[in-house]
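Heads up: the structure comes next, in structure tokens.
Owing to the predicted nature of the structure, the values given are computational and were not obtained by experimental measurement. In what follows, every heavy atom counts, from backbone to side chain, and hydrogens, waters and symmetry copies are set aside.
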Protein chains: 2
Amino acid sequence: MKKKTTIYDIAKKLNLTAATVSRALNNNEKISENTRKLVQETALEMNYEQNTLARALKSGKSYNVGVIVPRMDSNFFASVIRGIEEELYPKGYHVIICQTHDQENLETGNINSLLNAQVDGILMSISNSKTKNQIFNSLSRKRVPLIFFDRKKDISGVSSVTIDDFNGAYEATKHLIEQGCKRIAHLSNDRSLEIFKNRYLGYKQAILDHGLELDESLVIETHSKVEEGRKTAKALLSMERPPDAIFSSSDFTALGAIQEIKAQGLKIPEDICVVGFSNEPFTRFMELSITSVDQSPIEMGRMTAQVFLEEVNNGKNVKMEKQIVLTPELIVRKSSLKKQ
Amino acid sequence: MKKKTTIYDIAKKLNLTAATVSRALNNNEKISENTRKLVQETALEMNYEQNTLARALKSGKSYNVGVIVPRMDSNFFASVIRGIEEELYPKGYHVIICQTHDQENLETGNINSLLNAQVDGILMSISNSKTKNQIFNSLSRKRVPLIFFDRKKDISGVSSVTIDDFNGAYEATKHLIEQGCKRIAHLSNDRSLEIFKNRYLGYKQAILDHGLELDESLVIETHSKVEEGRKTAKALLSMERPPDAIFSSSDFTALGAIQEIKAQGLKIPEDICVVGFSNEPFTRFMELSITSVDQSPIEMGRMTAQVFLEEVNNGKNVKMEKQIVLTPELIVRKSSLKKQ
DNA sequence: TTGTATGCGTTATCAC
DNA sequence: GTGATAACGCATACAA
């Protein structure tokens, strides 16, 4: 194996000192234009590549950031990650992606192993509300910036980038009401997570604001899986007074619900309207395209990365907390659009 | 910031030497059972965590591996990555995921920045056939193991894990023939990539083996996008003698084709049968579920990781090349199943 | 502006 | 079995 060239090698060749070479390479102030050029040119010639590990060890920065998501095979999270990358790569950072697969122990486990890998920060979307705050406190003690996106937890001093879930849900529900729906069910999810709580609250408020009856038996907590959507829809349809619309906090459960509704011979949107959440690509591709709420995930990723960069550059002197809330957009499609 | 405890701290506390502590922690041979226990216990007490950067600098290993995929928001790649993680995490490795988004320059760029991050190996699925071999040679010169999965390139000394695309395509086409289809079109893709070439060849062989007419005008090269599938289907349907089946090398183009076929008022599978490739989840979820070829992506990921581990542990003395070929499975669904 | 010296946290090679 | 010391490659406070 050819040994990699170090700053020592190029120092020797130029009858200089490693220190000088280091300075020249880092565009330090105190260096003559001549030596700077000379060093940089020979560095190029000798195929010099900085050993990031050594720099990391010395500076305490690894230029790696950890991103923790429940999973990455949903377009939403994949897109957020893409946004993060777009912002961070140009700054020389790398992204280590961890998935929790919604498993409780993996959340803490991932944080720990990221810390162990000396990441400069952690950007995460909470998957389990039960994860103890202890681990987050230990992050703050170690001065490793933590930024939440989408699924946040309210922790003082921790910044977050989210969308206005309340508003998104409110608009979606209002849209259903405007289509003439009177009994709107809501497929919810673990409401100890803020996003699901807020979607529920937005739904509720829209119902109340428009003088409809609020029937809590129409609100069902489930999981973001197609199969769960089917099951839940089945339960709803077998009610004495079944709903005439479903607002789902997830596109996947919305899809399951649609399957079940069709299987029972009901027509969408004539008999029942359905609205999902996240604007996953399949909502557009279905023959019966699905109305959904777009969360501008790429933008969310970019903002999250920007907040991280601010925190990391601010020198850790200023303890700040930034809450960025993006505006969702309702995309109306066939599954909820009754012909007038 | 509380300083992290180092082996020096725990050495001082125990009136030992850092060297001894290191040995105890690493379960070295030459150490008494007593001190080993003592050290390990105090390490626990003092919340000692190994500084991976220092270990990496010293050992030349970063315990990071790079994974390069065209994109990760397809279930196939996401699942391969999951398989890789399942195999590598327990061994203490981290995974840095890079996406090329099918952009030519990103492929080389990603490799370079992964090298810069001192990864111990690169597992990748080629997205562009034009990427010059030069970059791969530089990998081998630096003794950084490279393993291809799915989309490989034939480079001597480089191992790969793929599926038998020829066979998968052959079975898919044979299935269509058994359904009575006579004019089977093939939506291909960049055939300078082996997977697409092999799928084409499998398709062709099945046609020939069953005495059907091979009409090259029914083979169209396109991109793995829904919209492209639509466009291509439109072209096919406007032919003088349109096809009575489509075998697509991608589920996404298959989906687009289905949309177009329906839009033109034709019936699937009665008028035209459609088969895709990859077994993306949506193929199962559509009202008209889509026949597809499963590639056991998780298994593929696990195997790829295992090959990497072998290469990295083998000491780089034995130069070996391993070609693992998994067997695909045809999943027959509504889009190609004519009632007998 | 450049050189000297030192430390980042580990591990490996000597000795004892 | 344990200690002393050097080395991994780089960056910086200090001296010149």
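- The terminal axes of the helix from C/dT1-D/dA16 to C/dC16-D/dG1, fitted over 5 pairs per end, subtend an angle of 40° to the nearest 10°.
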Just do the side-chain contact (heavy atoms from CB on, under 4.5 Å) check on A/Arg55 and A/Tyr63 with the steps written out, would you?
-> CA-CA 10 Å; A/Arg55 161 152 75 45; A/Tyr63 279 93; 2.9 Å; yes

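- Closest approach of A/Glu87 to A/Ala305, counting heavy atoms only: CB-CB, 3.5 Å.
- Counting any heavy atom pair closer than 4.0 Å across all strands shown, B/Leu16 reaches sugar-phosphate atoms only and no base atom.
- No donor-acceptor pair closer than 3.5 Å links the side chain of B/Asp150 to the backbone N or O of B/Val161.
- Reading DNA chain C from its 5' end, the first and the last nucleotide to sit under 4.0 Å from a heavy atom of chain B are C/dG9 to C/dT13.
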B/S/- contact track for nucleotides 10-16 of chain D, protein heavy atom under 4.0 Å = BBBB---

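- Rounded to whole angstrom, the span from the CG atom of A/Leu57 across to the C1' atom of D/dA7 amounts to 12 Å.
- Using a distance-only test at 3.5 Å, with no hydrogens or angles considered, a donor-acceptor pair links the side chain of B/Gln40 to the main chain of B/Ala24.
- Here B/Asn15 lies in heavy-atom contact (under 4.0 Å) with sugar-phosphate atoms only.
- For the residue pair B/Thr17/B/Thr20, the side-chain donor-acceptor check at 3.5 Å is not satisfied.
- For the residue pair B/Tyr93 and B/Asn64, the shortest heavy atom distance occurs at CD2-N, 4.3 Å.
- In terms of modelled atom types and a separation under 3.5 Å, the side chain of B/Asn26 and the main chain of B/Asn28 share no donor-acceptor contact.
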